[in-house]
S.K.: 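There's a structure below that I have some questions on.
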Amino acid sequence: MTSTAANTDTATRTAPGPRGTPGFGSLVPYRRDPAQFLLRLQRDHGELSRMRMGPYTVHLATSPDAVRRVLMENQGNYVRGKLYDQFKLVMGTGLLTSDGRYWRGHRRAVQPAFAKKAIEAIIPNVIEATSEMLERWEAAERAGEPVDLVAEMMRLTLVTLSQSLFGYDIRSRTPLLKQVVDESIEVMFPHGYLSEMLPQWMPTARNRLIKKNRRIYDQVVSDIRERHSATGEGVLVRLAEEARDPETGEPWTDQEIRDELLTIYLAGHETTATAACWMLHSVAAHRWVREELEGELSGVLDGRAPAEEDLPTLDYTRMVIEESLRLYPPIWLYPRDAVEDDTLDGYHIPGGSSLLLSPLVSHRNPAVWENPEAFDPLRFTPSAVKERPKTAYFPFGGGPRMCVGNMMALLELKIILAMVTQRFRLEPVPGDLTRFGDSLISLRPMSEMWVRLRPREGGSAHG
Ligand code: HEM
């Protein structure tokens, strides 16, 4: 691992990297398989590499030192930048896509919805939604039918999030919204097609799709607000309705409220669903992990659903989740733009250039992780964690821009894992497609992930 140079005098050394093709740089191999391409960059050029992506200079930074500098020590120098701008087409301007004063005001306003007490209050919602899913799974198991984890987890996290933060029952709309979210994800990540460069007023198929989906989102947000004004339910809606600009004292505009609710809705459910898929799949694929997990859950819960006081005692369950987020971090890549020149790992980062951080690539960095491709929850015992630099592991980002929903996600994942494991043994369906890399945003296990359900003797874990 190389160390980061001092702040002001930036280094002049240019980082190593692929030559690429004139005019395109590394766009073609990147587009073919982004995750594998970036893993190859780390393997071939080290922890800091430089490439051209069309007209842009882009660095990939994977060492814990560089990640700490970008997310914490010099975070003011690294703004969301041009790659995040694509997100605005769907989400508008919310926490994910803004910087500076606007971001600070919004973060402060929504933070109470994610405080410890508020998060604990959602436990009954997660248990209820998971119990309902397990009842459906019982019918599938009796009929000998496999289930698709992607569809199941998307529905589960959407229902939980809507109930917990928006006070809204979204069950009847989940199939439509899954399709709209899938389409939005395609839009948010540039593929380099000509249609992406055309102005928004042009009636291209892409622009029509963006408009159609925007109308659907607008309708959902407006229904959520209407329901809130009738019932007073939905902590996040209340915070957004009551929010005031800290300097002017003005309430948020309708657009601000819409964009923030939509941002949290989109950032919150697809990520947690993806994490849950990989977590359940990893347990299904590693018998010794499953047995250890079953042992801990029988000892602590003995078949019942977890209560608030059980959650901190489920140590092995936590380690399984953390290891699965190491190998399969749902937000596997995120960009920044450097405002001014900087130095990372002794190399020059020019102001105005773009930078990629990738939990996926850093979490498989052989300079930090022994046998990085192996699934091993014991990497997350407290003593093993202490031996690693903190920024070797960052599935939720870090510094002031750390994921606002990380505690909520971890709580959901723990309850889902405990309840599913106590009731069923999952078996991956042979030949199913679980490789990653096609998706440019969240590390989705392709579009489906099928598993067979085997009952566990005496298992119950209903709410
Ligand atoms: C396993 C699940 C999740 C993962 C892996 C995840 C990951 C991340 C990461 C890596 C970031 C930082 C992005 C960056 O700095 O560019 C982030 C930010 C964010 N996440 Fe999550 N997230 C998850 C769940 C959630 C949930 C449940 C919510 C809300 C209900 C949420 C809301 C947000 C928001 C609003 C931001 C922007 C925060 C800011 O910039 O102030 N996320 N998330």
Side-chain angles (χ1 to χ4, degrees), residues 23-28 30-34 53-56 58 79-99 102-103 106 150 154 158 170 173-225 240 252-271 273-274 330-337 354 356 437-444 446-447:
F24 294 97
S26 297
L27 265 182
V28 174
Y30 173 82
R31 220 184 280 149
R32 204 175 295 139
D33 193 339
M53 292 282 201
Y56 305 118
V58 182
V79 294
R80 307 260 118 179
K82 40 192 167 297
L83 290 170
Y84 255 118
D85 277 353
Q86 285 288 111
F87 282 45
K88 289 188 183 161
L89 289 176
V90 175
M91 295 177 168
T93 307
L95 275 182
L96 255 183
T97 51
S98 59
D99 278 302
Y102 187 95
W103 166 78
H106 275 234
V150 176
M154 286 282 282
L158 187 59
I170 207 151
R173 289 175 130 166
T174 48
L176 169 70
L177 284 172
K178 180 177 182 303
Q179 187 196 333
V180 175
V181 170
D182 285 352
E183 289 168 358
S184 304
I185 286 171
E186 281 300 302
V187 166
M188 286 193 286
F189 277 75
H191 300 68
Y193 302 139
L194 177 66
S195 61
E196 292 169 351
M197 292 154 212
L198 298 174
Q200 274 205 34
W201 55 263
M202 287 184 78
T204 61
R206 179 173 187 270
N207 286 344
R208 278 201 303 270
L209 183 73
I210 293 174
K211 270 205 193 115
K212 180 200 82 175
N213 287 343
R214 205 175 278 154
R215 275 197 300 273
I216 296 174
Y217 285 136
D218 287 351
Q219 188 57 53
V220 172
V221 171
S222 130
D223 290 354
I224 286 173
R225 291 184 68 187
W252 285 2
T253 61
D254 283 341
Q255 188 68 43
E256 262 179 295
I257 296 180
R258 178 262 184 210
D259 289 358
E260 203 55 80
L261 295 183
L262 191 56
T263 294
I264 293 180
Y265 163 78
L266 285 173
H269 86 278
E270 207 266 349
T271 43
T274 301
I331 302 292
W332 72 277
L333 180 70
Y334 45 91
R336 295 284 190 269
D337 277 2
S354 297
L356 297 174
D438 282 29
S439 158
L440 291 170
I441 173 175
S442 126
L443 196 60
R444 263 231 211 146
M446 309 300 287
S447 51

S.K.: In Å, rounded to the nearest 0.5 Å, how long is the span from CD1 of Ile216 to NZ of Lys211?
M.R.: 14.5 Å
S.K.: Quick one: closest heavy-atom pair of Leu262 and Val90, and the distance?
M.R.: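 Result for this residue pair: CD2-O, 3.4 Å.
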S.K.: To the nearest 0.5 Å, how far apart are CD in Gln255 and CG in Asp218?
M.R.: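 With rounding to 0.5 Å, CD (Gln255) is 7.5 Å from CG (Asp218).
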S.K.: Without swapping roles, check the side chain of Glu260 against the backbone of Ala240 for a donor-acceptor pair under 3.5 Å.
M.R.: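 Between the backbone of Ala240 and the side chain of Glu260 there is no qualifying donor-acceptor contact (under 3.5 Å).
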S.K.: Tell me whether the count of non-hydrogen atoms from other residues, nucleotides or ligands lying under 6.0 Å of OH in Tyr334 goes above 12.
M.R.: yes
S.K.: Would you call Asp337 and Arg80 a salt bridge, using N to O less than 4.0 angstrom?
M.R.: no
S.K.: Does the pair Arg225/Asp254 count as a salt bridge with the N-to-O cut at 4.0 Å?
M.R.: yes
S.K.: Answer yes or no: is there a donor N or O on one side and an acceptor on the other, between the side chain of Tyr102 and the main chain of Thr93, under 3.5 Å?
M.R.: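 Answer holds: yes.
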S.K.: Would you compute the distance between atom CD1 of Ile210 and atom CZ of Arg208 and round it to the nearest 0.5 angstrom?
M.R.: 11.5 Å
S.K.: Can you see which heavy atom on Thr97 is nearest to which on Lys88, and at what distance?
M.R.: O-CE, 3.5 Å
S.K.: So, for Leu96 and Thr263, which heavy atoms are closest and what is the spacing to 0.1 Å?
M.R.: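 It is N-CG2, 3.8 Å.
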S.K.: Rounded to the nearest 0.5 Å, what's the gap from CG on Asn213 to CG on Leu209? Could you check?
M.R.: 4.5 Å
S.K.: How would you list, by chain and number, every residue that makes a ring pair (Phe, Tyr, Trp, His ring centres under 6.0 Å) with Trp252, sequence neighbours excluded?
M.R.: His106
S.K.: Looking only at non-hydrogen atoms, find the nearest pair between Asp259 and Gly92 and report the distance.
M.R.: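 Distance-wise, the nearest heavy atoms are OD2-CA, 3.5 Å.
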S.K.: Enter the distance from Tyr217:OH to Leu261:CG here, rounded to the nearest 0.5 Å.
M.R.: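 The distance works out to 13.5 Å.
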S.K.: Do any N or O atoms from the side chain of Arg214 and from the backbone of Leu89 form a donor-acceptor pair under 3.5 angstrom?
M.R.: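 Judged by distance alone, yes, a pair lies under 3.5 Å.
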S.K.: Rounded at 0.5 Å granularity, tell me how far CZ in Arg32 sits from CG in Leu27.
M.R.: 11.5 Å
S.K.: Run the numbers on Leu158 and Tyr265 for side chain to side chain contact (heavy atoms under 4.5 Å, CB included), then give the verdict.
M.R.: CA-CA 8 Å; Leu158 187 59; Tyr265 163 78; 3.1 Å; yes
S.K.: Report yes if the side chains of Met91 and Leu266 come closer than 4.5 Å at any heavy-atom pair, otherwise no.
M.R.: yes
